[in-house]
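In what follows, a structure is listed as structure tokens, so that the remarks can point back to it.
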Amino acid sequence: MHFLTRRPRRLRRSETIRRMMRETTLQVDDLIMPLFVVHGTGIRQEIAPMPGNYRLSVDQLTKEVKEIAALGIPAVILFGIPEHKDAYGSEAYAKDGIIQQAVRAIKDSVTDLLVITDTCLCEYTSHGHCGVVEHGSVKNDPTIELLAKAAVSQAEAGADMIAPSDMMDGRVAAIREALDTDGFEEVAIMAYAAKYASSFYGPFREAAKATPQFGDRRSYQMDPANAAEALREVAMDIEEGADIVMVKPALAYLDVVWRIRTEFDVPVAAFNVSGEFAMVKAAARLGWLEDERVMSEILTAIKRAGADLILTYFAKDAARLLRRNE
Ligand code: PBG
Ligand code: ZN
């Protein structure tokens with residue numbers, strides 16, 4: 001008979017021993033749920049490529065966040081879809097802008113939910129770019145001034161954390177300084193530090209009606225071929241005052257998550273984006289994948305790669321699954 005000293009299968013024999021050997025466990029505390037807010041009342045429009053996700057008016061949003069909080073999910077990230085867009089995205093920093101109204105309403109209706117606001121101009125600009133456009137190109141320095149204004153106005157409305165997603169140079173420093181100057185030194189910054197120019201944002205752009213009207217975002221978002229550059233972006237954002245750094249998208253960039261985790265000692269977040277969610281749901285609809293199992297595998301993999309936090313449209317489904325398995 002053949003004699004084997006090492007038999008790794010001994011530690012996989014039963015669910016009990018597999019539980020003991022498990023290196024990575026997903027927790028509800030790791031999850032952040034993205035939500036889309038629109039003007040109006042009684043609006044709950046499903047976003048076609050993202051089943052179970054809606055454009056919500058503020059009254060519906062408050063119901064939704066109560067459900068989210070009841071599931072134990074600690075945080076939401078809000079995306080505003082304004083009625084009026086203009087060249088400078090002025091509703092992004094309007095006192096009564098859609099996001100400001102949404103934050104106030106959430107803060108009035110639930111107490112223990114962390115509210116993160118996505119800070120960018122693309123949802124608010126008529127041209128759909130993430131910054132100020134002059135002569136057909138996106139201007140960096142005028143943009144960061146507007147982003148700082150937007151961040152302060154979100155903080156005034158009650159946001160706990162600001163998440164700049166624009167990829168302009170120097171925006172974290174500009175936002176940090178503006179927040180501190182206005183007395184919001186306790187409001188944290190989660191920077192979209194390594195945000196790639198990705199085709200996985202397709203469903204989001206439809207949901208937020210924020211597709212660039214000309215050109216693309218490659219002069220500010222990162223080239224998918226680059227990882228060393230991501231480390232430089234992260235180093236800069238940390239130096240400028242980011243409390244948490246984010247990688248986006250997640251799945252095609254798990255190596256980047258891992259490298260950041262090993263090179264820096266800061267909390268790392270990963271955004272499991274709209275296209276990643278849509279792929280799973282579409283395949284499930286065709287009967288080609290089991291979405292719940294695939295979801296678990298994906299979220300566990302993102303954690304295994306080194307993410308402390310996961311922004312994901314699966315947050316509610318994952319919270320329910322975790323609760324069932326308790
Ligand atoms: C806005 C923004 C985008 C996403 C988050 N913030 C879209 C983009 O940059 O084009 C993508 C989120 C997703 O796809 O789920 N800058
Ligand atoms: Zn943007």
Side-chain angles (χ1 to χ4, degrees), residues 31-37 47-55 76-82 85 87-89 91-93 98-99 116-133 138-140 143-144 146-147 150-151 154 161-169 171-172 175 190-224 233 246-253 269-282 298-299 302 309-315:
L31 305 171
I32 300 170
M33 178 74 191
L35 295 171
F36 298 91
V37 211
I47 299 157
M50 297 160 69
N53 288 267
Y54 303 83
R55 295 193 196 94
V76 294
I77 180 163
L78 300 180
F79 296 96
I81 308 166
K85 305 194 184 212
Y88 295 93
E91 210 183 302
Y93 39 89
I98 185 64
I99 211 85
I116 308 171
T117 48
D118 183 88
T119 306
C120 202
L121 297 184
C122 55
E123 296 108 292
Y124 305 92
T125 51
S126 41
H127 45 70
H129 275 289
C130 303
V132 175
V133 172
V138 176
K139 295 282 173 250
N140 197 86
T143 301
I144 63 178
L146 297 184
L147 290 166
Q154 293 169 344
M161 192 180 285
I162 301 296
S165 70
D166 52 286
M167 288 300 279
M168 298 299 131
D169 298 328
R171 91 281 204 210
V172 173
I175 290 172
M190 173 165 66
Y192 287 71
K195 177 171 177 180
Y196 288 87
S198 170
S199 300
F200 285 103
Y201 308 148
F204 173 94
R205 290 187 189 166
E206 194 198 306
K209 300 179 179 145
T211 305
Q213 298 303 299
F214 66 90
D216 54 44
R217 302 208 204 287
R218 286 184 292 178
S219 80
Y220 40 106
Q221 297 181 349
M222 282 182 55
D223 185 333
E233 283 282 359
M246 191 207 298
V247 176
K248 178 185 172 191
L251 286 185
Y253 302 88
F271 202 139
N272 176 217
V273 299
S274 58
E276 299 175 311
F277 178 82
M279 286 195 302
V280 175
K281 291 293 177 183
I298 285 174
L299 298 177
I302 295 171
L309 298 167
I310 307 173
L311 299 92
T312 179
Y313 302 96
F314 285 118

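Whatever order the structure lists them in is the order used to number ligands and atoms, beginning at 1.
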message: To check you understand the geometry: which heavy-atom pair defines the closest contact between Ser274 and Gly202, and what is its length?
response: OG-N, 4.4 Å
message: Side chains of Met222 and Tyr253, heavy atoms from C-beta outward: is any pair under 4.5 Å?
response: no
Quick one: ligand 1 N/O to protein N/O pairs below 3.5 Å?
residue, atom, partner, partner atom, Å
ligand 1, 6 (N), Asp118, OD1, 3.4
ligand 1, 6 (N), Lys248, NZ, 3.3
ligand 1, 9 (O), Lys195, NZ, 2.6
ligand 1, 9 (O), Gln221, NE2, 2.9
ligand 1, 10 (O), Arg205, NE, 2.6
ligand 1, 10 (O), Arg205, NH2, 2.8
ligand 1, 10 (O), Arg217, NE, 3.0
ligand 1, 10 (O), Arg217, NH2, 3.3
ligand 1, 14 (O), Ser274, N, 3.3
ligand 1, 14 (O), Ser274, OG, 2.7
ligand 1, 15 (O), Ser274, N, 2.8
ligand 1, 15 (O), Tyr313, OH, 2.7
ligand 1, 16 (N), Ser165, OG, 3.1
ligand 1, 16 (N), Lys195, NZ, 2.9

- line: Rounding to 0.5 Å, atoms CE (Met167) and OG (Ser219) come to a distance of 11.0 Å
- request: Write down the atom of Val138, the atom of Met168, and the distance for their closest heavy-atom approach.
  value: CG1-CE, 3.7 Å
query: Side-chain contact, heavy-atom cut-off 4.5 Å: Leu147 with Leu121?
result: yes
message: Filter on side-chain hydrogen bond (donor to acceptor under 3.5 Å, both in side chains), then keep only pairs touching residues 191-210, sequence neighbours left out; what's left?
response: Asp118-Tyr192
- line: Separation between CD1 (Ile99) and OG1 (Thr117), nearest 0.5 Å, reads 6.5 Å
message: Under the rule for ring pair (Phe, Tyr, Trp, His ring centres under 6.0 Å), what residues qualify as partners of Phe314, not counting sequence neighbours?
response: Phe277
- request: Please round to the nearest 0.5 Å and tell me the distance separating atom CZ of Phe79 and atom CD1 of Ile116.
  value: 9.5 Å
Metal site the Zn ion (ligand 2), protein N/O/S atoms found under 2.8 Å: 3
